[in-house]
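Beneath this line is the structure, given in structure tokens, with notes to follow.
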Amino acid sequence: MSESDTSRHFLRQWIEKDVAEGKTGGKVVTRFPPEPNGYIHIGHAKAVCVDFGMAELFGGECHLRLDDTNPAKESDEYAANIKKDINWLGFQWSGPGDGAEAGFYNASNMFDTMYRIAENLISAGQAYCCNLTQDEWKEYRGVPEKPGRPSPSRDTSPERNLRIFREMKEGKYADGEWCLRAKIDMASPNIHFRDPVIYRIRHVAHYHLGDKWCIYPMYDFAHPIEDALEGVTHSMCTLEFEVHRPLYDWVVDRLDEMGMLVERGGVKIRPQQREFARLNITHTVMSKRLLLQLVTEGHVGGWDDPRMPTVCGMRRRGYTPGAIREFCERVGVSKVESESDPLLLEWCVREELNKTAQRRMAVLDPVKVVIDNFDGVREVELPNNPLDEGAGTRKIPFGREIWIERADFMEEAPKKFFRMAIGQEVRLRGACIFKAASCVKDAEGRIAEIHGTWDPESWGGNAADGRKVKGTIHWVDAATGVAAEIRLYERLFTEKDPLKDGPAGFLKYMNKDSLKLAQGFVEPLLAKAAPGERFQFERTGYFVADEKDFTAGRPVFNRTVSLKDSFKA
RNA sequence: UGCCUCGUGGUGUAAUGGUAGCACCGCAGAUUCUGAUUCUGCUUGUUGGGGUUCGAGUCCCUGCGAGGCAACCA
């Protein structure tokens with residue numbers, strides 16, 4: 001996408017201005033800082049597009065930094081999959097990195113430095129150790145509309161606090177017994193300024209550093225340090241951090257006083273934070289906690305269940321990285337909290353797949369048709385993609401017995417039913433014109449088999465006498481068609497806002513029909529698909545060979561999205 | 001209700017004091033060997049009230065509405 005095509009949203013204008021004013025030292029540096037405590041979802045994908053996208057636009061670099069400052073819920077599994085998903089979306093981190101890998105950082109690799117900074121703060125009388133219990137602290141801090149009260153430890157000496165902080169680090173105290181607080185302003189209308197906790201004791205092993213630490217820095221302290229020390233110029237995050245910004249700036253000021261800001265191109269790099277609205281999509285949930293609940297309670301098959309809004313789930317569903325990026329681009333960047341319609345996402349994926357996916361025929365709900373006056377075997381040749389001549393053609397066997405879609409036949413056709421009906425001509429896609437004569441039903445009155453005749457003058461699909469046939473339906477040759485499992489997905493929730501009754505009640509809005517299994521037949525070529533390969537099943541939708549379960553002996557396809565259907569009875 | 005942020009068609013987003021535009025959705029029609037695609041047309045909007053200005057979606061005041069902040073989470 002060219003520069004002029006992308007939106008000139010407020011973050012872009014902000015960076016443009018800073019670049020023009022020379023604040024970046026010649027290089028725009030951003031970062032994407034996920035906590036490795038879950039899989040990334042479409043909401044993170046928007047942040048990825050913003051963070052990496054802005055760096056790309058300005059010819060700078062975007063760091064991938066795992067914000068692993070709270071070991072309780074973090075793991076290597078999550079870390080590895082976050083990296084995989086970002087790469088799949090089409091982005092690559094760059095920059096020096098804090099280890100062997102360019103552009104890659106762990107916040108935890110900065111713990112030594114953070115500890116020293118904390119000590120400096122204590123020495124300067126700007127931080128102190130506090131042993132108020134959490135309940136006491138809550139009471140001391142007060143409520144937003146009234147000033148808080150100072151902790152009894154607030155004015156203790158740096159020497160004493162240095163000692164206690166060291167003892168905290170050495171494991172002398174239990175979780176919660178002491179913490180380190182920044183000394184700022186107990187009367188501030190901004191709660192985050194009321195001497196926020198910046199280090200707490202957690203006797204928990206860290207997935208990356210093991211047992212090295214039993215004290216861990218808090219986000220508000222760690223994040224600005226990470227940004228500053230990495231030389232990040234523009235730190236973009238979601239709206240709920242807006243109230244934290246003064247604290248972010250406070251920490252950056254302290255680093256400046258300590259002479260710790262990095263210099264680039266003769267300019268001291270002061271990281272700045274700005275906030276944009278997170279992506280919300282109707283008919284789904286986006287919180288990691290709720291997604292985890294869906295997984296652990298077995299409501300879905302896993303983080304990569306194709307109904308999940310996770311990046312891995314969407315990949316398995318058949319969404320393309322391009323469609324997801326296009327969606328994020330079209331949704332835009334602003335400060336307005338909004339809810340996007342999943343229809344736009346669906347439009348984006350159809351838009352791409354229409355141009356790129358090869359066409360195939362598959363019958364999802366089969367009923368047999370016998371062409372009474374047809375003998376032998378023929379081959380039909382159809383383009384793989386009528387929109388792309390380079391995609392070539394393929395040959396499909398055609399015989400006396402075929403499968404068609406149950407919904408494509410009615411005994412008596414209503415006025416606008418252009419498909420197969422008794423006495424009505426219909427075209428069998430690419431093959432010939434067919435007229436149904438009769439049907440047989442089973443004991444329950446269900447159509448079991450349809451009989452009829454073809455027009456031998458119409459091979460290829462057009463009548464010799466030039467008469468028009470309005471309807472064309474797809475089919476699969478019964479002799480060579482391959483049985484396949486086809487998974488039909490719909491939205492996970494029936495309710496526009498599944499959280500409308502609060503986070504406790506969202507499960508009752510789950511869509512019972514979000515997954516339907518179909519046993520159908522597909523044209524022979526489809527058995528040779530590669531897992532992850534995407535197709536358009538003509539007249540039906542876009543499908544992907546399941547990346548986990550597909551085998552040539554047992555083809556499994558997931559419906560990414562249906563084709564638009566304007567048929568009205 | 002202390003502080004902060006935000007209000008433009010059904011949805012998302014432009015217009016940065018000068019004709020309220022684009023996209024999705026929806027609706028109609030044309031084309032079509034996919035009821036897809038493509039093409040054409042249409043419906044729908046600046047939160048209320050004041051003010052500044054030749055001129056206000058934009059600036060000011062005020063009301064209304066929505067969201068955020070009171071984890072030793074991020």
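Atom set for the values below is all heavy atoms of this structure, side chains included, hydrogens, waters and symmetry mates excluded. Note that the structure is predicted; figures quoted are calculated from it, not measured. Residue numbers start from 1 in every chain, and the chains themselves are labelled A, B, ... in the order their sequence lines are given, proteins ahead of strands.
- Remark: the separation of the P atoms in B:C54 and B:C39 is 47 Å, to the nearest Å.
- Going from the C1' atom of B:U53 to that of B:U58 covers 13 Å, rounded to whole Å.
- Taking the ring centre of A:Trp459 as origin, the terminal cationic atom of A:Arg378 falls inside the region bounded by 6.0 Å and 45° from the ring axis.
- In this structure, CZ of A:Arg8 is placed 9 Å from P of B:A15, rounded to the nearest angstrom.
- Classified by its glycosidic torsion, B:A71 falls in the syn category, the angle being within 90° of 0.
- One interatomic measurement links the two molecules: NZ of A:Lys146 to P of B:C3, which rounds to 15 Å at whole-angstrom precision.
- B:G12 and B:G55: their C1' atoms are spaced 30 Å apart (whole Å).
- Rounded to whole angstrom, the span from the CG atom of A:Leu247 across to the C1' atom of B:G68 amounts to 16 Å.
- Counting only Watson-Crick and G-U wobble pairs whose two distances sit under 3.5 Å, RNA chain B takes part in these stems of three or more pairs: B:2-7 with B:64-69, B:10-13 with B:21-24, B:26-30 with B:38-42, B:47-51 with B:59-63.
- Atom CZ of A:Phe418 and atom P of B:U31 are 12 Å apart (whole Å).
- Using a 4.0 Å cut-off between a side-chain N of Lys or Arg and a carboxylate O of Asp or Glu, A:Lys288 and A:Glu35 do not qualify as a salt bridge.
- By the 6.0 Å and 45° rule, A:Arg202 does not stack over the aromatic ring of A:Trp213.
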5' to 3', nucleotides 69-74 of chain B under a 4.0 Å protein heavy-atom cut-off (B base, S sugar-phosphate only, - none) gives SBSBSB
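- A gap of 13 Å separates the C1' atoms of B:G57 and B:G21, to the nearest Å.
- Taking the C1' atom of each, B:G35 and B:U43 are spaced 24 Å apart, rounded to whole Å.
- When only modelled atom types and interatomic distance are considered, A:Tyr105 and A:Glu230 share no side-chain donor-acceptor pair under 3.5 Å.
- For the OP1/OP2 pair of B:U34 and a distance below 4.0 Å, the side-chain nitrogens and oxygens of A:Arg359 include no atom meeting the criterion.
- Heavy atoms of A:Phe193 sit nowhere under 4.0 angstrom from any nucleic acid atom.
- Remark: P of B:C25 and CG of A:Asp565 are 14 Å apart, rounded to the nearest angstrom.
- As rounded to the nearest Å, B:U46 and B:C64 have C1' atoms that lie 16 Å from one another.
- Side-chain contact between A:Lys500 and A:Glu495: present, with at least one pair of heavy atoms (C-beta onward) separated by less than 4.5 Å.
- Residues A:Asp195 and A:Cys130 are not in side-chain contact: their nearest non-hydrogen atoms beyond the backbone lie 4.5 Å or more apart.
- Rounded to the nearest Å, the gap between the P atom of B:C25 and that of B:U11 is 16 Å.
- The interatomic distance linking A:Leu382 (CG) with B:A36 (C1') rounds to 15 Å, in whole Å.
- B:C3 and B:C61 have their P atoms separated by 15 Å, given to the nearest Å.
- When each of B:A36, B:U34, B:C24 is scored by its nearest atom to the side-chain atoms of A:Trp347, the top-ranked nucleotide is B:C24.
- Put simply, the side chain of A:Arg194 gets close to the backbone of A:Arg141: a donor and an acceptor are under 3.5 Å apart.
- A:Lys470 comes within 4.0 angstrom of a base, heavy atoms only.
- As rounded to whole Å, 14 Å separates atom C1' of B:U32 from atom CG of A:Leu563.
- Taking 4.5 Å as the limit, every side-chain heavy atom of A:Arg427 sits out of range of all side-chain heavy atoms of A:Phe434.
- Contact annotation: the side chain of A:Ile396 never approaches that of A:Asp477 to less than 4.5 Å [non-hydrogen atoms, C-beta and beyond].
- Contact of the A:Asp408 side chain with the A:Met420 side chain is not registered, since no non-hydrogen atoms from C-beta on lie closer than 4.5 Å.
- Side-chain atoms of A:Glu339 and A:Thr282 include no donor-acceptor pair closer than 3.5 Å.
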For nucleotides 6-13 of chain B, 5' to 3', base contacts (B), sugar-phosphate-only contacts (S) and non-contacts (-) with protein non-hydrogen atoms under 4.0 Å give SS---SSS
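- There is a side-chain donor-acceptor pair under 3.5 Å between A:Asp68 and A:Ser108.
- Taking atom CG of residue A:Asn354 and atom P of nucleotide B:A36, one finds them 12 Å apart after rounding to whole Å.
- In terms of modelled atom types and a separation under 3.5 Å, the side chain of A:Thr310 and the main chain of A:Trp303 share a donor-acceptor contact.
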